[in-house]
Amino acid sequence: MSIRCARCPIRKMPLFKPMTDDEVAFMESFKIGEMTLQAGTPLLSEGSNSPQLFTALSGFGMRYKLLASGKRQVLSFVLPGDFIGLQAGVMNQQTHSVEAVTNMTLCVFNRTELWTLFRNHAERAFDLTWIAAGEERFLGEALAAVGQKSAYERIAWAFARSFRRLEALKMRDGITVPFPFRQQHLADALGLSLVHTNKTLARLRDRQLVSWADGRLSVPDIGELEEVGLIDESAVAPRPLM
């Protein structure tokens, strides 16, 4: 059974900006159904087009690019609330791939209704622009981390950013949040070898800054981890949900 937007389990979380009744009603007309993916299933492939747009309702995924050499660059991890497919929706071609890392449920939207959104729902259209700007901001921060921070600082940055986001999604249990990715995913996101990643994780663990095992990430002192990751802004600002 498809969940109505009015009863969305993540919409009223503090991480997301409130919607008016009219905006919720439009989103219910914009949404055409839901899709369930098994772990490891591709959602969008580089070079493809799609008539649909998606919001992750539950589960975890990743965006990545494959180079001609076979090497993979993970662009970002997909968490609940993330909007997927805008690039193909606007540019008619996807320049990266999206894959489910765990089982996922996605809200599905009709791409042709984007014009209706921009024509008749200015605030929702601005929210979509905000999401695109937020992605640009994150990719800039990630590029700075990969290009200018040490491996130790990069991993601390990635863990701290992920922990704060998952905390804002009400997934924190004590000092622990779910983080069902593999070391290879983390290495591919941060431009590190798997061996270097493993050694750096051991250093962080030895300093009791993080513990990552069995798909759970434990952070005893998030403020200290943010200092190590050279993060200036720790608060997660409210963001729109599509």
Side-chain angles (χ1 to χ4, degrees), residues 10 13-18 56 60-65 73-84 86-87 96 101 126-181 183 185-193 196-212 216-242:
I10 63 174
M13 289 183 179
L15 174 60
F16 301 111
K17 290 173 54 181
F60 296 77
M62 64 179 178
R63 299 179 175 95
Y64 66 92
K65 283 188 68 71
Q73 177 66 50
V74 173
L75 303 176
S76 64
F77 296 134
V78 177
L79 306 182
D82 285 350
F83 193 60
I84 306 166
L86 181 61
Q87 185 181 85
H96 62 267
V101 173
F126 182 81
D127 286 342
L128 194 59
T129 305
W130 193 103
I131 289 170
E135 287 290 330
E136 181 182 7
R137 178 180 178 179
F138 171 79
L139 289 174
E141 186 178 346
L143 180 60
V146 170
Q148 300 300 325
K149 294 182 180 181
S150 68
Y152 191 69
E153 293 163 345
R154 286 183 223 177
I155 294 180
W157 168 82
F159 279 158
R161 281 298 193 213
S162 299
F163 188 91
R164 287 291 191 186
R165 175 72 188 280
L166 292 164
E167 178 184 49
L169 285 166
K170 300 296 186 182
M171 293 188 184
R172 179 174 176 174
D173 182 10
I175 63 169
T176 302
V177 294
F179 198 71
F181 302 96
Q183 285 192 23
H185 295 147
L186 186 65
D188 289 349
L190 298 177
L192 301 170
S193 71
H196 199 176
T197 300
N198 188 271
K199 290 181 177 179
T200 307
L201 286 169
R203 287 182 60 200
L204 288 163
R205 185 173 58 250
D206 290 345
R207 281 195 57 187
Q208 298 184 346
L209 288 170
V210 299
S211 174
W212 181 27
R216 304 291 297 179
L217 176 67
S218 298
V219 180
D221 188 335
I222 183 60
E224 184 178 1
L225 187 64
E226 287 172 336
E227 288 182 12
V228 173
L230 305 179
I231 294 175
D232 296 327
E233 181 184 347
S234 60
V236 179
R239 46 161 293 179
L241 175 69
M242 294 301 294

So how far is it from Phe179 CZ to Ser162 OG, rounded to the nearest 0.5 Å? 4.0 Å
N/O donor-acceptor pair under 3.5 Å between Glu153 side chain and Val228 backbone: no
With a 4.5 Å heavy-atom cut-off, do Arg172 and Leu166 have their side chains touching? no
Do the non-hydrogen side-chain atoms of Asp173 and Arg216 ever get within less than 4.5 Å of each other? yes
In Å and rounded to the nearest 0.5 Å, what is the CH2 to CZ distance from Trp130 to Arg137? 7.5 Å
Step through the shown structure and confirm whether more than 12 heavy atoms of other residues, nucleotides or ligands are within 6.0 Å of CZ on Phe126. no
Give the ring-plane orientation class for Phe181 versus Phe77, where under 30° counts as parallel, over 60° as perpendicular and anything between as tilted. parallel
Between Pro14 and Lys170, the two heavy atoms sitting closest are CD-CE, 3.8 Å
Under 4.5 Å between any side-chain heavy atoms of Arg239 and Phe16, yes or no? yes
Would you call Leu186 and Trp212 a side-chain contact if the rule is heavy atoms closer than 4.5 Å? yes
Check: Glu141/Trp157 side-chain N/O donor and acceptor closer than 3.5 Å: yes
In Å, rounded to the nearest 0.5 Å, how long is the span from CD of Glu167 to OG1 of Thr176? 12.0 Å
Residues in salt bridge (charged side-chain N to carboxylate O under 4.0 Å, His left out) contact with Lys65, at least two apart in sequence or another chain: Glu46
Over all atoms of both residues, closest heavy-atom pair of Ala151 and Leu192: CB-CD2, 3.7 Å
For Pro80 and Met171, which heavy atoms make the closest approach, and how far apart are they? CG-CE, 3.5 Å
With a 3.5 Å distance limit and no angle check, can you tell me whether Asp188 reaches the backbone of His185 through a side-chain donor-acceptor pair? no
So, do Phe60 and Val78 sit near enough that their side-chain heavy atoms are less than 4.5 Å apart? no
Looking at every non-hydrogen atom in both residues, tell me the closest pair between Pro178 and Pro180 and how far apart they are. C-CD, 3.8 Å
Which atom of Leu139 lies closest to which atom of Leu75, heavy atoms considered: CD2-O, 3.8 Å
Taking atom CG of Asp206 as the centre, does the number of heavy atoms from other residues, nucleotides or ligands within less than 6.0 Å exceed 12? yes
Any Ile131 side-chain heavy atom under 4.5 Å of Leu86 side chain: no
Is there a side-chain contact between Asp82 and Arg165 in this structure, where contact means two heavy atoms from C-beta onward sitting under 4.5 Å apart? yes
State whether the side chain of Arg154 and the backbone N or O of Lys149 hold a donor-acceptor pair below 3.5 Å, judged by distance alone. yes
dist Glu135:CD -> Arg63:CZ (nearest 0.5 Å) comes out at 4.5 Å
Working to the nearest 0.5 angstrom, can you tell me the gap between Ser193 OG and Gln183 CD? 10.5 Å
Checking side chain to side chain contact (heavy atoms under 4.5 Å, CB included) against Phe159, which of Leu209, Val177, Val210 comes through? Val210
Hey, could you give me the CD/CD1 distance between Glu226 and Ile231, rounded to the nearest 0.5 Å? 5.0 Å
Checking the side chain of Arg161 only, and the main-chain atoms of Phe163 only, is there a donor and an acceptor separated by less than 3.5 Å? no
